[in-house]
Number of protein chains: 2
Amino acid sequence: MNPDLPNSPVPEPVSQTGLTSSASYTQSNLAQSATQLAPTFSPLYQQIKALITQSLQSGEWKPGELIPSEVELAVRFKVSQGTVRKAIDELSAENLVVRRQGKGTFVATHHEARAQFRFLRLKPDVGIQQYPNNRFVEVKRIRAPAEIAKLLDIKVGDSVVYIRRVQSFDGVPTILEDLWLPGAIFKGLTADLLNEYKGPMYALFETEFGTHMIRASEQLRAVAADAVAAELLKIDIGSPLLNVERVSYTYGDKPVEFRRGLYLTLNHHYQNELS
Amino acid sequence: MNPDLPNSPVPEPVSQTGLTSSASYTQSNLAQSATQLAPTFSPLYQQIKALITQSLQSGEWKPGELIPSEVELAVRFKVSQGTVRKAIDELSAENLVVRRQGKGTFVATHHEARAQFRFLRLKPDVGIQQYPNNRFVEVKRIRAPAEIAKLLDIKVGDSVVYIRRVQSFDGVPTILEDLWLPGAIFKGLTADLLNEYKGPMYALFETEFGTHMIRASEQLRAVAADAVAAELLKIDIGSPLLNVERVSYTYGDKPVEFRRGLYLTLNHHYQNELS
DNA sequence: TAGTGGTCTAGACCACGCT
DNA sequence: GCGTGGTCTAGACCACTAG
């Protein structure tokens, strides 16, 4: 399969010329594009995984689309199907792609039903999870304050889209959320666009702005409601609220959203599984 | 290797001598399950995984111990090493075992350093995570109330161990926690034992009571401090606290602990990664 | 029937930890 | 040097989907 790999664990013996100086360490032909230093050993399937991730990032395969079959990718990358499989296994575990037996492997999308609540951990104490009603209180462009700039990895003063919304379950205001998005990416984002769109915000971001969220990091605290929160959530000042701050990342671990949510947890709770 | 298998992924066809009734205990399990394709098809590696899990549950291999090598297990179960590998891969992903290249595969334990904070998601806002100081306020045996009995899957009125403790970071009381444990399992659990022991409670449970926690489910809320919590945490009544309720499970998804923690989140936060 | 992912096997060599 | 887990390959067959 790879008759010209000097040192990879392929069946074929080395033979060939005296390239053995580099023999004890790394690479296959794959990594030659990147400058390769000695002690960085990376398994083949990790390199394949990186290449596939690049194709996802570059938009060669878009969310919801079918990617080439394992056999095709094996041919393209000149490795065995098993190696491609292991790479895709990890991408699947990280929710970057979704495998469907008999059909193929698809790029993950926030449009499909099973992803609707992927990042919303607030569940009702009784009954099943419903999709909330959205009311957008404010949408405007501002200059990034220092704190926001740092979290989004942009410059202080850069344009950011600021959004304030209230989410209700069964007509009960439950979440007050402030969001900050890099203005450079979310150019045409307006209140109208947000109001028209029904469904998860991340699905809209994906379709309208080509930005797919792949993971997020949250920090939770208990806080007391201030006057603004109290009014918007129709509760008393000082009521305990669950403060959830989130940074979301797209391909390449690039931060593209910061949000601060205040969750009313009288009839809901934040669910988390530890393992 | 198996040139004559018509439709079963199992190596040996059942057959063989009639004297293998004992020897075929595991074997027949495997063959049988794999043979009844119609109603429930379970891959071989899943069956192997179940068998290994049984050995963990039965105590054949105890926390911290080395389990047989992949080759040995492959021989024992009469499957290929690759199949055993896939089974162990999943067990490793679920943190039931820990693989160490060059050494072997070990049963996971709460004693090792890397597991110290596995179930404690409260992190300091600045600095690195420290292990808290424990003060046990109360340890006693009570009759299980309905709510507790339901969560622990025991009968109302059964004996349960009730524990109240305060955990401090750098001398600052930060966590007030109530715990309920099935009395039948935690027989000799006393305040003295808890006070003597330094380190994670789950490590003590493992060593003293043979109960290893493998996963947990948490529900979070924001609440206001009542008089008792205020006094023990040295804060004002009504201060917002993060209420964390947890059910922990041992092998076989058996619930063996319920706890309710009140976290002071002025200088700490609950960290969670979404993916 | 064809194509895809899913499972299983067998054998090779690599990286690591210990003796 | 040896045994362990880790990587890679090759080929077979199974399960699922769709034309």
Side-chain angles (χ1 to χ4, degrees), chain A residues 1-3 5-15 20 22-30 38-49 66-75 77-92 97-106, chain B residues 1-13 30-31 33-49 66-75 77-92 97-106:
Chain A
M1 203 76 182
N2 278 304
L5 295 185
N7 57 352
S8 69
V10 283
E12 279 77 0
V14 178
S15 66
T20 49
S22 64
S24 61
Y25 276 91
T26 53
Q27 298 304 335
S28 71
N29 47 2
L30 293 168
T40 55
F41 166 75
S42 173
L44 243 192
Y45 75 88
Q46 287 287 1
Q47 302 175 40
I48 303 298
K49 183 184 169 190
L66 181 68
I67 77 171
S69 74
E70 296 179 353
V71 174
E72 283 180 76
L73 291 172
V75 171
F77 297 133
K78 296 188 169 59
V79 298
S80 78
Q81 184 185 357
T83 300
V84 171
R85 162 166 293 276
K86 184 148 187 179
I88 295 180
D89 276 346
E90 292 205 352
L91 292 171
S92 177
V97 300
V98 177
R99 322 184 78 142
R100 296 189 203 282
Q101 185 175 156
K103 300 179 74 174
T105 302
F106 298 80
Chain B
M1 199 55 180
N2 287 295
D4 52 358
L5 292 187
N7 56 0
S8 168
V10 177
E12 275 72 3
L30 298 170
S33 302
T35 304
Q36 49 172 296
L37 302 172
T40 57
F41 166 74
S42 173
L44 243 193
Y45 76 87
Q46 288 286 2
Q47 302 175 40
I48 303 298
K49 183 185 169 188
L66 181 68
I67 76 170
S69 74
E70 295 179 353
V71 174
E72 284 180 74
L73 292 172
V75 171
F77 297 133
K78 294 189 171 59
V79 298
S80 78
Q81 184 186 356
T83 301
V84 172
R85 163 167 292 275
K86 183 147 188 179
I88 295 181
D89 275 347
E90 291 204 353
L91 292 171
S92 177
V97 299
V98 176
R99 323 186 77 144
R100 296 190 202 282
Q101 184 175 153
K103 300 178 74 173
T105 303
F106 298 80

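Hydrogens, waters and symmetry mates play no part in the numbers below; they use all other heavy atoms, side chains included. The sequence lines fix the lettering, A, B, ..., with proteins before strands; numbering per chain opens at 1.
Spacing between atom CD of Glu70(A) and atom P of dG6(C) amounts to 6 Å, rounded to whole angstrom units. Rounded to an integer number of Å, the gap from Gln47(B) CD to dT7(C) P is 12 Å. Rounded to whole Å, the distance from NZ on Lys49(B) to P on dG6(C) is 16 Å. Separating the CD atom of Gln46(A) from the P atom of dA15(C) is a distance of 15 Å, rounded to the nearest angstrom. In this entry the distance linking CD of Glu90(B) with P of dC8(C) reads 11 Å, nearest Å. Separating the CZ atom of Phe77(A) from the C1' atom of dT7(D) is a distance of 18 Å, rounded to the nearest angstrom. At whole-Å resolution of the value, CZ in Phe106(A) and P in dT17(D) are 11 Å apart. Per the geometry, CG belonging to Leu66(B) stands 11 Å off C1' belonging to dG5(D), to the nearest Å.
Not one side-chain nitrogen or oxygen of Lys103(A) sits closer than 4.0 Å to the OP1 or OP2 atom of dG3(C). For dT4(D), the OP1/OP2 oxygens have a side-chain nitrogen or oxygen of Ser69(B) closer than 4.0 Å. When the side-chain nitrogen and oxygen atoms of Ser80(A) are compared with OP1 and OP2 of dC8(D), none of them lie within a distance under 4.0 Å. Thr105(A) has a side-chain polar atom (N or O) that falls below the 4.0 Å cut-off from OP1 or OP2 of dG5(C).
Taken from CG in Asp89(B) to CD in Glu70(B), the straight-line distance is 8.0 Å, to the nearest 0.5 Å. Separating the CD atom in Gln81(A) from the OG atom in Ser69(A) is a distance of 7.5 Å, to the nearest 0.5 Å.
The pairing partner recorded for dG6(D) is dC13(C), the criterion being a Watson-Crick or G-U wobble arrangement whose two distances lie under 3.5 angstrom.
Checked against dG6(D), dG5(C), dT7(D), the side chain of Pro43(A) finds its nearest nucleotide in dT7(D). The side chain of Lys86(A) approaches dT7(D) more closely than any other nucleotide in the set dT7(D), dT4(D), dG5(C). For Glu72(A), the listed nucleotide lying nearest its side chain is dT4(C); candidates were dC8(C), dT4(C), dG6(D). Comparing dG5(C), dG5(D), dG17(C) by their closest approach to the side chain of Arg99(A) singles out dG5(C). The side chain of Gln101(A) approaches dA15(D) more closely than any other nucleotide in the set dT4(D), dC8(D), dA15(D).
Taking each heavy atom of Arg99(A) and Ile88(A) in turn, the nearest pair found is CZ-CG2, 3.5 Å.
Residue-level contact check: Arg85(A) touches the bases, meaning some heavy atom is under 4.0 Å from a base atom.
Side-chain contact check for Ile48(A) versus Leu73(A): every heavy-atom pair is 4.5 Å or farther apart. In this structure, the side chains of Ile67(A) and Glu72(A) stay at 4.5 Å or more apart for every pair of heavy atoms. In this structure the side chain of Thr105(A) never reaches within 4.5 angstrom of the side chain of Leu91(A), judged on heavy atoms.
Comparing Gly102(A) and Asp89(A) along DNA chain C, the residue whose closest nucleotide (by nearest heavy atom) sits nearer the 5' end is Gly102(A). Mapping Val84(A) and Gly104(B) onto DNA chain D by nearest heavy atom places Gly104(B) closer to the 5' end of the strand. Mapped onto DNA chain C by nearest heavy atom, Val71(A) and Thr83(B) fall at different nucleotides, with Val71(A) at the one closer to the 5' end.
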